[in-house]
Amino acid sequence: MRSGLAYFKEVYDIVPGWVQKMHDYRPELLECYTSLRGGIMSDSALTRKEKDILLVGMNAARLYERSMLYHTKGAIDAGATIPELVEYLMVPYLYNGAKALNTAMKSLEYALSLQGKRNSVSIKNDGTMEELLIQIIQLMDGEDTTFIEGALSLLRSERDDLLIEKIMDDAVVSRKMKQLLMVGIFITELKGQQAGIWMETARENGASEEELADVGFICLLTAGIPAWFEASDSLAEK
């Protein structure tokens, strides 16, 4: 196993300050954490790319920009596309409204910069939902914007029910993966009862217990061991 410092240097291209300080104060704990993180983020029922991009969506929903950006890099490095990322970034709107999408815009901007695409669009920090969707379409220049254009049309028609259905429907990203993201959002917010309801919905759309467990494990990384308590309550006994 690589040392903790070498592992995170490979993941982030730099050693983040929080990693360096963990090493400085308790290097043995950094090695334990590195082993745990490496195991959780490796390909299993969910791929590493799926885990990173789910964590992007979870952290956008809870307005936690720092972790969202770390995992944006992980998702792009693992092969996530811009249309794929955008669909995941739309789901948090159903949890935290335009505030979540305002936070999510920073993930999209960062992802585009990682791909070497220059941004000439002026992003409003407190844009309305309509303004944000227009900006996303502009930022996605050269990409397939069909999904966002459809969402914008429904928003303008004031059919919230159809907009919700559109966001959660199969497109570039499957309905199942979007439901797994909703599971993760409620787990990270320590709302186990609501997470359990979404788990059942995800099962109905083909999610396995192993995939649901993987969501719980990645939530542990971003929201601590209480997140696993909430996830485990609704997992089937083995």
Legend entry - Salt bridge E200-R203, side-chain N to carboxylate O under 4.0 Å: yes

Inset, instruction - Report yes or no: do K51 and S42 form a side-chain donor-acceptor pair below 3.5 Å? - result: no

Inset, instruction - Answer yes or no: is there a donor N or O on one side and an acceptor on the other, between the side chain of E87 and the main chain of V172, under 3.5 Å? - result: yes

Legend entry - Test item: side-chain donor near acceptor, K191 and Y95, under 3.5 Å: yes

Legend entry - Sidechain N-carboxylate O distance under 4.0 Å for E50, R48: no

Inset, instruction - Could you tell me whether the side chains of E65 and N59 share a donor-acceptor contact shorter than 3.5 Å? - result: no

Inset, instruction - Answer yes or no: is there a side-chain heavy-atom contact under 4.5 Å between Q20 and H23? - result: yes

Legend entry - Whether over 12 other heavy atoms sit under 6.0 Å from E165 CD: no

Inset, instruction - Give the C-alpha distance, both sets of side-chain angles, the deciding distance and a yes or no for salt bridge (Lys or Arg N to Asp or Glu O under 4.0 Å) between K9 and D13. - result: CA-CA 5 Å; K9 177 71 162 59; D13 292 335; over 6 Å; no

Legend entry - Any M58 side-chain heavy atom under 4.5 Å of I218 side chain: yes

Inset, instruction - Indicate the atoms forming the closest heavy-atom contact of A45 with D214, along with that distance. - result: N-OD2, 3.2 Å

Legend entry - Within one Ile-Leu-Val-Met-Phe-Trp-Tyr cluster: I164 and I148, side-chain cutoff 4.5 Å: yes

Legend entry - Q193 atom CD, neighbour heavy-atom count above 12 within 6.0 Å: no

Legend entry - Within 6.0 Å of NZ in K117, more than 12 heavy atoms from elsewhere: yes

Inset, instruction - Please tell me if the side chains of S67 and H71 come closer than 4.5 Å, counting only heavy atoms from C-beta onward. - result: yes

Legend entry - Electrostatic pair K176-E204, nearest N-O below 4.0 angstrom: no

Inset, instruction - Could you label the plane-to-plane angle of the Y12 and Y70 rings as parallel, tilted or perpendicular, counting under 30° as parallel and over 60° as perpendicular? - result: tilted

Inset, instruction - Tell me whether L29 is reachable from Y33 by hopping between hydrophobic residues (I, L, V, M, F, W, Y) whose side-chain heavy atoms are closer than 4.5 Å. - result: no

Inset, instruction - Please check if the side chain of S234 supplies one atom and the backbone of A231 the other of a donor-acceptor pair under 3.5 Å. - result: no

Inset, instruction - Taking the side chain as every heavy atom from C-beta outward, state whether F186 and E230 have any atom pair closer than 4.5 Å. - result: no

Legend entry - Hydrophobic cluster membership, L63 vs L221, 4.5 Å side-chain cutoff: no

Legend entry - Flag, side chain of T34 to backbone of L30, donor-acceptor distance under 3.5 Å: yes

Legend entry - K73, NZ: over 12 other non-hydrogen atoms inside 6.0 angstrom: yes

Inset, instruction - Please check if atom CG in D141 has more than 12 non-hydrogen atoms from other residues, nucleotides or ligands closer than 6.0 Å. - result: no

Inset, instruction - Please tell me if the side chains of M105 and Y110 come closer than 4.5 Å, counting only heavy atoms from C-beta onward. - result: no

Inset, instruction - Using the rule that two of Ile, Leu, Val, Met, Phe, Trp, Tyr join whenever any of their side-chain heavy atoms come within less than 4.5 Å, decide whether M182 and Y64 are in one cluster. - result: no

Inset, instruction - Tell me, yes or no, whether the heavy-atom count around E158 atom CD, taken from other residues, nucleotides or ligands under 6.0 Å, exceeds 12. - result: no

Inset, instruction - Supply the atom-to-atom distance E10 CD to L5 CG, rounded to the nearest 0.5 angstrom. - result: 13.0 Å

Legend entry - 4.5 Å side-chain heavy-atom contact, E143 and V86: no

Legend entry - Close side-chain approach of Q194 to M199, heavy-atom, < 4.5 Å: no

Legend entry - Shared hydrophobic cluster, Y25 / F8 (ILVMFWY, side-chain heavy atoms < 4.5 Å): no

Legend entry - I167 backbone acceptor or donor facing K178 side chain under 3.5 Å: yes

Inset, instruction - Compare all side-chain heavy atoms of R62 with those of N96 and state whether any distance is below 4.5 angstrom. - result: no

